[in-house]
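Before I ask anything, here is the structure I am working with.
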2 protein chains.
Amino acid sequence: MSVKIAAMPSNRRAQPQAEKRAELISAARDLFVQDGYDPTPMNRIAQKAGVTPNTIYWYFKDKDELLLAVLDALLQEDMAAYDPVSQWPLADQMVWLVGRLRQTSTLMATVHSRIRVSPALNEWHDRFHALVEALLLAQLPGPLPPASRDAEIRIICFAIEGLVSHQIDPVTTRQTCEALAARCLVLAGR
Amino acid sequence: MSVKIAAMPSNRRAQPQAEKRAELISAARDLFVQDGYDPTPMNRIAQKAGVTPNTIYWYFKDKDELLLAVLDALLQEDMAAYDPVSQWPLADQMVWLVGRLRQTSTLMATVHSRIRVSPALNEWHDRFHALVEALLLAQLPGPLPPASRDAEIRIICFAIEGLVSHQIDPVTTRQTCEALAARCLVLAGR
DNA sequence: CAAACCTCTTAAACGGTATTCAAGAATGTG
DNA sequence: CACATTCTTGAATACCGTTTAAGAGGTTTG
């Protein structure tokens with residue numbers, strides 16, 4: 001308790017730090033999306049990134065924390081891709097979103113099944129839902145009565161989740177999205 | 001290739017067979033529902049049933065097959081409990097169903113996340129959805145145009161799944177179910 | 001320059017998992 | 001009593017996520 005009291009500045013090379021982390025996230029993302037979370041051993045992630053499994057644990061506390069980073073990366077990509085879509089008709093937006101999320105549907109199922117076991121994942125899931133609901137709220141036509149408005153948003157949100165996680169043919173998917181959008185119009189027109 | 005050609009009649013004790021199997025299913029059910037599928041080792045299931053882990057593998061091929069048997073048992077109970085409920089108003093039925101399924105919501109998430117990995121579980125899930133949709137179809141008020149009818153059933157089904165798997169307070173749950181039922185009335189009245 | 005230090009990497013080990021194997025006990029049949 | 005079938009088990013296998021202890025290699029400091 002003598003010498004090194006406040007002498008811990010963030011000194012060294014900072015670039016490789018972020019780069020390696022990004023490489024690990026990228027490798028994990030590919031494998032998680034393709035094979036699923038549970039079936040992908042840390043083994044293979046490390047191998048794909050050209051590293052020993054232990055190395056991952058210097059950058060991430062857990063396999064769960066790695067999953068969290070992957071989810072953040074995917075969400076960021078989705079948000080960027082959504083930007084131009086936000087001008088489309090509501091039903092088309094839903095169809096687009098379903099198709100987009102379907103590519104990572106296995107991870108969506110993983111998130112739901114790990115919510116009870118990982119508090120961090122639970123928080124991420126809550127933030128994700130809040131985000132989607134906010135986007136949906138901005139897209140609803142006209143002023144709706146707030147009581148039914150919230151219910152409507154929840155229904156749309158859950159329906160999208162259902163369409164994503166159960167593989168359903170494109171025609172049926174579109175019909176369902178049209179039905180959801182039509183309902184909002186009916187409510188707004190009243 | 002000489003002696004025992006066609007000498008394998010199904011002879012022995014048949015009662016203990018089914019009893020032991022039922023005990024294993026019961027033990028697994030309690031643990032799966034309480035702690036979840038993945039966090040429950042075959043270890044503990046065997047211990048709760050007063051058996052060695054290996055014994056389970058004489059009655060069930062897999063942990064997945066054991067899960068399947070548990071799901072069948074739960075479904076049977078739910079169906080029996082639903083019988084009187086089938087006379088209630090549609091919204092009340094939904095609220096009841098959500099509350100009922102919530103008790104096994106962790107298993108529902110497990111099923112969804114293991115669909116891609118276990119064909120048998122996938123089939124079970126398909127049958128389950130077909131069953132729920134058939135029940136819903138019988139409950140829809142009046143004759144609906146078949147195109148929107150199917151979409152409506154899907155939406156209700158997915159909304160119920162969403163209400164079950166995301167913990168949502170009772171008031172919000174009821175509001176959502178009322179909104180779903182109200183929509184059907186609007187469509188039928190038109 | 002050298003010593004101390006921090007960042008990063010690794011080989012090896014640990015505890016836990018589902019599942020399999022080989023052997024044996026229990027139980028009805030001839 | 002032999003015998004085959006049904007059931008049970010102790011031990012082993014293979015894999016997994018994670019930890020530990022040790023060490024390279026560059027950075028700072030005296």
Side-chain angles (χ1 to χ4, degrees), chain A residues 2-24 27-28 31-32 35-70 110 113-114 117-118 120-121, chain B residues 2-24 27-28 31-32 35-70 110 113-114 117-118 120-121:
Chain A
S2 56
V3 186
K4 49 199 173 185
I5 288 185
M8 49 175 88
S10 61
N11 20 3
R12 304 318 137 77
R13 60 221 115 129
Q15 206 52 25
Q17 154 84 19
E19 277 179 28
K20 200 86 185 185
R21 210 183 128 95
E23 279 174 30
L24 287 172
L31 293 171
F32 284 170
D35 301 342
Y37 177 76
D38 279 318
T40 321
M42 299 293 271
N43 215 354
R44 223 185 282 281
I45 301 172
Q47 174 184 332
K48 180 153 192 167
V51 189
T52 291
N54 313 341
T55 301
I56 304 181
Y57 288 87
W58 196 88
Y59 294 92
F60 303 94
K61 181 172 70 68
D62 269 324
K63 196 182 178 184
D64 266 312
E65 200 175 271
L66 179 54
L67 172 61
L68 224 63
V70 168
T110 300
S113 75
R114 295 190 71 77
V117 99
S118 160
L121 216 55
Chain B
S2 57
V3 186
K4 49 201 171 183
I5 288 184
M8 49 174 87
S10 62
N11 23 3
R12 301 321 134 81
R13 60 225 114 135
Q15 204 53 24
Q17 153 85 20
E19 278 179 27
K20 200 83 186 190
R21 211 183 127 94
E23 279 174 30
L24 288 172
L31 293 171
F32 284 170
D35 301 341
Y37 177 76
D38 279 319
T40 326
M42 299 293 271
N43 215 354
R44 223 187 282 282
I45 301 172
Q47 174 184 334
K48 180 153 193 167
V51 188
T52 291
N54 313 341
T55 301
I56 303 180
Y57 287 87
W58 196 89
Y59 294 92
F60 303 94
K61 180 172 69 70
D62 269 325
K63 196 182 179 185
D64 266 313
E65 199 175 273
L66 179 54
L67 172 61
L68 223 64
V70 168
T110 300
S113 75
R114 294 190 72 77
V117 98
S118 160
L121 217 55

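Proteins come first, then strands; the chains are lettered A, B, ... in the order of their sequence lines, and each starts at number 1.
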| Among the nucleotides D:dT8, D:dT19, C:dT17, which one has an atom lying closest to any side-chain atom of A:Tyr57? | D:dT19
| Nearest-Å distance, CE (A:Met42) to C1' (C:dT17)? | 17 Å
| request: With the side chain of B:Asp62 defined as its heavy atoms from C-beta on, choose the nearest nucleotide among C:dT9, C:dT19, D:dT19. | output: C:dT19
| message | Using side-chain heavy atoms (C-beta onward) and a distance below 4.5 Å, is A:Leu67 in contact with A:Phe60? | response | no
| request: Whole angstrom is fine here: how far is it from CD in B:Glu23 over to C1' in D:dT8? | output: 14 Å
| note | Atom NZ of A:Lys61 and atom C1' of D:dT19 are separated, to the nearest Å, by 14 Å
| note | A:Arg44 atom CZ is separated from D:dC15 atom P, nearest whole Å, by 11 Å
| Is A:Trp58 close to A:Gln17 at the side-chain level, that is, under 4.5 Å between some pair of heavy atoms? | yes
| Relative to the 5' end of DNA chain D, which residue comes earlier, B:Ile56 or A:Thr40, by the nucleotide with the nearest heavy atom? | B:Ile56
| said: Using whole Å, what does the distance between atom P of nucleotide D:dT18 and atom CD of A:Glu65 come to? | reply: 11 Å
| Which part of the nucleic acid, if any, lies within reach of A:Tyr59 when heavy atoms closer than 4.0 Å are counted: base, sugar-phosphate only, or nothing? | sugar-phosphate
| message | Please determine whether a side-chain nitrogen or oxygen atom of A:Lys20 lies at a distance below 4.0 Å from atom OP1 or OP2 of C:dT9. | response | yes
| task | Return the value, rounded to whole Å, for the distance between atom CH2 of A:Trp58 and atom C1' of D:dT18. | result | 18 Å
| field | Under-4.0 Å side-chain N/O to phosphate OP1/OP2 contact, A:Gln17 with C:dC8 | value | yes
| message | A side-chain contact here means heavy atoms from C-beta on lying under 4.5 Å apart; do B:Val51 and B:Glu23 qualify? | response | no
| query | Should A:Thr55 be listed as having a side-chain N or O under 4.0 Å from OP1 or OP2 of C:dT10? | reply | yes
| message | Could you tell me how far apart A:Asp38 (CG) and C:dA18 (P) are, to the nearest whole angstrom? | response | 12 Å
| task | Return the value, rounded to whole Å, for the distance between atom CD1 of B:Ile45 and atom C1' of C:dT19. | result | 13 Å
| Which listed nucleotide (D:dT9, D:dC7, C:dA18) is nearest to the side chain of B:Val51? | D:dT9
| field | Any donor-acceptor N/O pair under 3.5 Å between D:dA11 base and B:Asn54 side chain | value | yes
| task | Decide yes or no on side chain to side chain contact (heavy atoms under 4.5 Å, CB included) for A:Lys61 and A:Leu68, but give the supporting numbers first. | result | CA-CA 11 Å; A:Lys61 181 172 70 68; A:Leu68 224 63; over 6 Å; no
| query | Does the side chain of B:Ile45 come within less than 4.5 Å of B:Leu66's, by heavy atoms? | reply | yes
